[in-house]
Amino acid sequence: MLLQTILLLISVAIAWSPTNSYAPGKVSCPGNLLVRVANSISPEEQEWVDSRNKITDEHLIKFLDHANMTDFDADSFIHGNIRSIKIGIAFSGGGLRASIAGSGQLAALDNRTDGAWEHGSGGLLQATTYISSLSGGSWLVGTVSLNNFSTIDNVIHSGLWDFRTSIFSYGGLNLVKTFNFMSEINQDLEDKRQAGFETSLVDVWARALSYQFFKDSGKALTWSSLQDFDVFKNHEMPFPMVIANGRTPESCIINGNSTVFEVNPYELGSWDPSLYQFTQVKYLGTNATNGLPTNGASCIGGYDNAGFILGTSSSLFNEGLLRIDNVTLSSLLSAVVKSILLSISQQNNDVAVYKPNPFFRTNAGRSHKIATNDSLFLCDGGEDAQNIPLYPLIQPEREVDVIFAYDNSANFQGWPNGAAMVATFERQFSKQGNGTHFPYVPDTNTFLNMKLTAKPTFFGCDASNLTSLVGDNANIYDIPLIVYTANRPFSTWSNTSTFQMRYDNEERDAIIKNGFETSSRMNLTLDPEWNACVGCAIIRREQERQGIEQSEQCKKCFQRYCWNGHLNTKHVYADFVDRCIQFLKRHYKSISLKAVQWVPSGPLSWLQYIYSRIRWFF
Ligand SMILES: *[C@@H]1O[C@H](CO)[C@@H](O)[C@H](O)[C@H]1NC(C)=O
Ligand SMILES: *[C@@H]1O[C@H](CO)[C@@H](O)[C@H](O)[C@H]1NC(C)=O
Ligand SMILES: *[C@@H]1O[C@H](CO)[C@@H](O)[C@H](O)[C@H]1NC(C)=O
Ligand SMILES: *[C@@H]1O[C@H](CO)[C@@H](O)[C@H](O)[C@H]1NC(C)=O
Ligand SMILES: *[C@@H]1O[C@H](CO)[C@@H](O)[C@H](O)[C@H]1NC(C)=O
Ligand SMILES: *[C@@H]1O[C@H](CO)[C@@H](O)[C@H](O)[C@H]1NC(C)=O
Ligand SMILES: *[C@@H]1O[C@H](CO)[C@@H](O)[C@H](O)[C@H]1NC(C)=O
Ligand SMILES: *[C@@H]1O[C@H](CO)[C@@H](O)[C@H](O)[C@H]1NC(C)=O
Ligand SMILES: *[C@@H]1O[C@H](CO)[C@@H](O)[C@H](O)[C@H]1NC(C)=O
Ligand SMILES: *[C@@H]1O[C@H](CO)[C@@H](O)[C@H](O)[C@H]1NC(C)=O
Ligand SMILES: CC(=O)N[C@H]1CO[C@H](CO)[C@@H](O)[C@@H]1O
């Protein structure tokens with residue numbers, strides 16, 4: 001009994017920072033180098049995915065059986081495959097809007113959600129191998145993953161995700177609560193400094209965020225602790241990843257040439273030629289040269305605080321902390337705030353400083369810029385315009401067959417216009433593309449004009465049309481098919497501002513419901529065959545690899561959902577439509593699906609009719 005208790009305590013301790021606080025502390029080093037070249041997935045990931053495949057195979061059979069596909073036998077197809085089908089899901093950035101809308105989209109794929117099996121795509125999440133996220137999307141994936149792969153319902157009911165007061169004014173008018181919050185953050189930063197580490201604004205941001213996303217504020221919760229969660233060890237959840245952008249020290253410009261980083265439960269690093277290295281995320285903070293602890297330095301644990309990783313991916317927002325209103329702060333409080341602000345390094349407010357740099361003097365990258373500085377600088381994963389985290393999912397080493405890309409960006413009146421897809425498409429042709437491939441997508445005007453954001457759209461439907469993208473060595477069947485779904489108003493205006501940090505519970509729940517409806521074709525009412533079409537997308541690459549002809553049903557689905565390669569690059573009559581909508585909104589405060597199907601009759605209804613025609617222009 002005692003032994004069991006001790007073992008339990010040890011196993012709990014592994015999951016947390018060795019100091020049981022925000023400060024990193026000494027741990028013993030692993031037997032191997034801390035870095036490796038990015039020419040494959042890590043052995044740990046490989047082993048994990050091999051086991052996960054067995055589980056996703058079985059769930060996928062259940063999902064496909066239930067999808068009511070004609071002329072298709074899921075069991076013999078999946079068991080007869082050369083390799084397991086791998087599904088990836090990506091959640092875009094876009095602040096709390098992206099987290100909240102994304103959570104509804106995710107809930108519709110999660111078989112544990114009420115109604116998802118009956119009128120959503122329940123079970124798809126259970127059949128998924130990878131789930132990637134950035135910025136606001138990472139708050140969603142981070143919350144779910146690090147709370148024991150919780151359901152969205154549980155997250156909401158456990159009291160997390162309370163956005164009634166903004167994180168920038170946590171505690172609201174309750175000065176005692178606010179004071180405690182500020183003092184605790186101040187103490188956490190002090191702890192980290194005392195342990196010998198630099199702090200930046202992202203540390204404050206990381207700590208603040210954690211109060212909304214983790215139980216007991218996740219002070220000592222590490223990102224790598226995912227490795228120790230039973231749900232992860234038993235391969236019962238998808239493999240979570242978050243994205244950040246690297247900044248070469250001498251430039252602050254983030255563009256197609258910047259280095260894209262991913263953080264997964266085992267590693268942090270980049271596939272890009274400018275780094276082409278991964279380091280073990282558990283030992284961040286260790287002084288190392290080319291992956292070897294410098295002068296026999298001991299290794300460090302706890303630097304990879306979970307909030308710190310999410311804060312890095314969403315560093316764009318930490319500027320908000322500097323806008324804390326001096327006037328309304330009591331003098332006591334402002335003393336604490338000042339002490340926090342004075343204690344952080346003032347260089348670049350949107351940049352997370354990782355010092356020591358885990359890649360110091362590594363030399364596999366083509367450009368050695370990142371490896372020569374003693375600090376590694378990372379910032380918001382969406383700052384390079386690739387606001388959907390597709391990058392880890394299109395790495396050929398991961399062999400992903402289909403990606404469900406959820407776009408909750410704000411490009412046009414708070415709605416997405418496919419710009420994130422275009423950015424990822426273009427990047428494959430740059431030096432940094434390094435052998436990644438992404439199907440053809442049109443320009444953003446076409447996205448709007450052809451209503452590719454109005455309902456889910458498939459890209460790269462025929463691998464045979466992609467030969468011009470790949471060189472001689474690459475395999476067209478390794479380019480994933482993309483199922484793109486954009487944020488859309490079904491039952492509520494879900495295009496709230498990216499910087500809105502306060503939501504009351506009704507607004508939050510309405511956007512979650514709308515997200516469910518977005519990813520389920522309005523609970524399957526707009527297309528009762530939707531799950532069959534999803535099934536057709538999932539099995540497409542494997543069918544192509546085996547030379548199997550699509551069923552008539554799948555052909556029809558593809559006619560319905562695939563981008564047909566046509567362009568319509570004209571500017572929409574944005575101004576006109578906008579003015580109409582403003583006018584209509586004054587008369588109709590609420591919107592509903594009725595507006596889409598409205599038959600004109602009675603006074604004012606012609607307005608609704610016009611509205612139903614034009615709103616799908618967006
Ligand atoms: C299954 O699909 C067929 C034809 O596609 C349709 O007639 C039938 O109603 C569907 N069944 C269910 C339960 O959706
Ligand atoms: C769609 O399903 C979800 C989950 O069951 C539910 O919350 C929502 O109210 C449904 N929407 C409609 C329009 O029925
Ligand atoms: C989802 O849950 C239902 C029961 O609620 C079960 O019959 C089905 O097999 C599950 N599907 C998957 C893919 O796990
Ligand atoms: C995590 O979830 C599993 C079910 O998925 C449950 O059996 C386990 O007790 C949970 N663990 C904690 C620490 O909540
Ligand atoms: C690392 O980058 C920072 C920020 O650009 C710069 O101030 C510093 O001098 C660099 N250090 C080295 C050793 O190059
Ligand atoms: C990327 O770098 C190359 C040269 O190294 C330059 O020609 C190109 O314009 C850069 N791309 C962007 C988007 O800045
Ligand atoms: C890492 O090395 C630097 C410079 O040698 C030193 O100042 C710092 O204390 C070291 N940190 C740890 C955790 O050993
Ligand atoms: C708050 O006050 C300090 C000094 O009084 C000033 O330096 C700082 O810029 C102010 N911050 C804001 C957000 O106004
Ligand atoms: C939401 O969308 C509507 C219609 O596109 C637009 O009129 C409104 O301004 C948008 N709201 C925000 C906050 O962007
Ligand atoms: C693929 O190419 C064929 C023949 O060129 C064309 O008919 C078809 O529309 C293309 N499919 C897509 C999805 O672009
Ligand atoms: C497929 C491909 O081009 N991979 C390259 C990615 O970048 C590294 C580092 O420059 C090269 O070694 C790989 O060959």
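Remember, it's 1-based here, ligands and their atoms both numbered in the order they're listed.
Checking Ser494 against Asn487 by side-chain atom types alone, a donor-acceptor pair falls below 3.5 Å.
Distances between N or O atoms of Thr372 and those of ligand 5 include no value under 3.5 Å. For ligand 9, the polar-atom distance check finds an N/O of Trp415 within less than 3.5 Å of one of the ligand's N/O atoms.
Within the 4.0 Å cut-off (strictly below), no protein heavy atom is located near atom 5 (O) of ligand 3.
At least one side-chain heavy atom of Leu268 sits under 4.5 Å from a side-chain heavy atom of Phe359.
The shortest heavy-atom distance from Phe412 to ligand 9 is not under 4.0 Å.
Using a distance-only test at 3.5 Å, with no hydrogens or angles considered, no donor-acceptor pair links the side chain of Thr279 to the main chain of Val35. Remark: side-chain polar atoms of Arg541 are not paired, donor with acceptor, to backbone N or O of Asp401 under 3.5 angstrom.
When each atom of ligand 3 is checked for a heavy atom of Gly123 under 4.0 Å away, the hits are 13 (C). Of all atoms in ligand 9, listed by their number and element, those nearer than 4.0 Å to a heavy atom of Trp493 are 2 (O), 3 (C), 4 (C). Taking a cut-off of under 4.0 Å to the non-hydrogen atoms of Phe377, the atoms of ligand 5 that pass are 2 (O), 3 (C), 4 (C). Taking every non-hydrogen atom of Gln413 and a distance limit under 4.0 Å, the qualifying atoms of ligand 9 come out as 1 (C), 2 (O), 4 (C), 5 (O), 6 (C), 10 (C), 14 (O).
Shortest contact from atom 9 (O) of ligand 3 to any protein heavy atom: Lys62 CD, 3.0 Å. Closest protein heavy atom to atom 12 (C) of ligand 3: Asn111 ND2, 3.3 Å.
Under a 4.0 Å N-O distance rule, the pair Lys54/Glu58 does not qualify as a salt bridge.
Tyr303 carries Lys192 over the face of its six-membered ring, with the cationic atom under 6.0 Å from the centre and within 45° of the normal.
If you look at Phe261 and Tyr354, their ring centroids are not closer than 6.0 Å. Proximity of the aromatic rings of Phe229 and Phe149 is defined here by a centroid distance below 6.0 angstrom, and this criterion is not met.
Here His59 has heavy atoms under 4.0 Å from ligand 3 in both its backbone and its side chain.
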